[in-house]
Amino acid sequence: MVAPVVTFEQAVEGLEGALVLANRDGAPWGDVTPKLPERGSLAVAIGPEGGFTDAEVARATEAGARIASLGPHTLRTETAAVVAVALARA
């Protein structure tokens with residue numbers, strides 16, 4: 001399911017424990033996935049070209065989000081979304 005567009009704050013607030021912020025400085029995806037719920041919804045936030053700001057990462061972390069990296073390469077937004085879904089399904 002693709003949810004309607006919301007502000008960053010709205011996204012962070014409602015998804016405690018089920019949100020992964022894809023950020024180049026995050027932990028390797030394989031280190032994050034064991035900490036995710038086995039069932040239910042999972043939201044993956046893909047940042048803008050310049051990445052999430054330090055304040056956004058801090059706010060997401062405070063709300064219980066996991067910060068994960070999709071790998072060493074900078075991916076285009078549309079590619080990052082497909083990679084995140086593939087990693088989540090694996």
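Nearest approach of Val32 to Arg66, heavy atoms of both residues: CG1-CB, 3.4 Å. The two residues Glu56 and Phe8 make their nearest non-hydrogen contact at O-CZ, 3.4 Å. Of all non-hydrogen atoms in Gly26 and Ser69, the two that sit nearest each other are O-CB, 3.6 Å.
The line from CD1 of Ile67 to OG1 of Thr61 is 4.0 Å long, rounded to the nearest 0.5 Å. Note that OG1 of Thr7 and CD of Glu13 are 8.5 Å apart. Values are rounded to the nearest 0.5 Å.
Take Ala58 and apply the side-chain contact (heavy atoms from CB on, under 4.5 Å) test, not counting sequence neighbours, and it matches no residue. For Thr74, there are no side-chain contact (heavy atoms from CB on, under 4.5 Å) partners at least two apart in sequence or on another chain.
The salt bridge (Lys or Arg N to Asp or Glu O under 4.0 Å) pairs that include a residue from residues 79-88 number zero, where partners must be two or more places apart or lie in different chains.
Residues Ile46 and Leu75 form no side-chain contact, since every pair of their non-hydrogen atoms from C-beta on lies 4.5 Å or further apart.
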Pairs of donor and acceptor atoms involving the side chains of residues 78-85, under 3.5 Å and at least two apart or interchain, shall be tabulated with distances.
unit_1	atom_1	unit_2	atom_2	d
Glu78	OE2	Arg76	NE	2.8
Glu78	OE2	Arg76	NH2	3.3

